[in-house]
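Worksheet: one structure, shown below.
All values derive from a computational prediction rather than experimental measurement. Counting starts at 1 for both ligands and their atoms, following the listed order.
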Amino acid sequence: MTDAQEAFWSRVHKTDTCWKWTGGTRGNGYGTYWVDGKRYYAHRYSYYLTYGVMPAGVILHHCDNPICIRPDHLSDGTQADNVLDMWAKGRGSAPPLHVGEAHHQTRLTAADILRIRTRYTAGASQQALADQYGLARSTVGKIVRGQSWRHVHAQTKAAA
Ligand SMILES: [Zn+2]
């Protein structure tokens with residue numbers, strides 16, 4: 001864990017249910033967190049630290065508790081159906097702090113992952129995909145085998 005991550009998680013009060021943000025807040029009840037001169041919503045930053053991608057859309061709180069930043073209480077609104085589906089199947093337990101190739105330098109998005117898997121299924125070689133996305137072939141292998149980015153699941157039309 002980096003210093004920045006430790007600084008973030010040290011402001012979190014974890015309970016058996018919600019993880020409450022104890023840092024600054026905005027008037028609307030959401031926590032806020034400053035990083036490198038930018039202010040983020042704490043729940044969005046928690047999602048970023050956990051999944052390695054800044055959510056493209058709105059973040060939904062399953063617990064309806066704006067101050068909560070517990071990653072498994074949050075979902076990217078654009079994947080809400082998918083996440084709800086996962087929860088319904090009982091696989092919504094707390095994710096590890098880092099999922100997949102989730103690091104600051106990672107430029108891959110969930111959409112890229114779905115595209116890589118779709119193209120692989122359609123016959124593209126792992127090496128071709130690695131070249132296209134600037135990745136190691138072994139990284140592509142992990143993606144297409146579902147060993148990394150496990151939280152990204154294709155929906156019927158999502159990977160077109
Ligand atoms: Zn919560």
The Zn ion (ligand 1): protein N, O or S atoms [distance under 2.8 Å]: C18 SG, C63 SG, C68 SG, H73 ND1
Joint cluster assignment, I67 & Y30, ILVMFWY side-chain distance < 4.5 Å: no
Result of checking L49, I59, T32, I69 against R44 for side chain to side chain contact (heavy atoms under 4.5 Å, CB included):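 The single option meeting the side chain to side chain contact (heavy atoms under 4.5 Å, CB included) with R44 is I59.
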Derivation and outcome, side chain to side chain contact (heavy atoms under 4.5 Å, CB included), residues L129 and Q132: CA-CA 5 Å; L129 292 166; Q132 183 185 349; 4.3 Å; yes
R70/D72 ion pair, N-O < 4.0 Å: yes
Non-neighbouring partners of F8 that pass ring pair (Phe, Tyr, Trp, His ring centres under 6.0 Å), sequence neighbours left out: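 Partners of F8 by the ring pair (Phe, Tyr, Trp, His ring centres under 6.0 Å) criterion, ordered by chain and then number, come out as W21, Y33, Y45.
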Polar contact flag, side-chain donor to acceptor under 3.5 angstrom, R137-Q126: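 Yes, Q126 and R137 have a side-chain donor paired with an acceptor closer than 3.5 Å.
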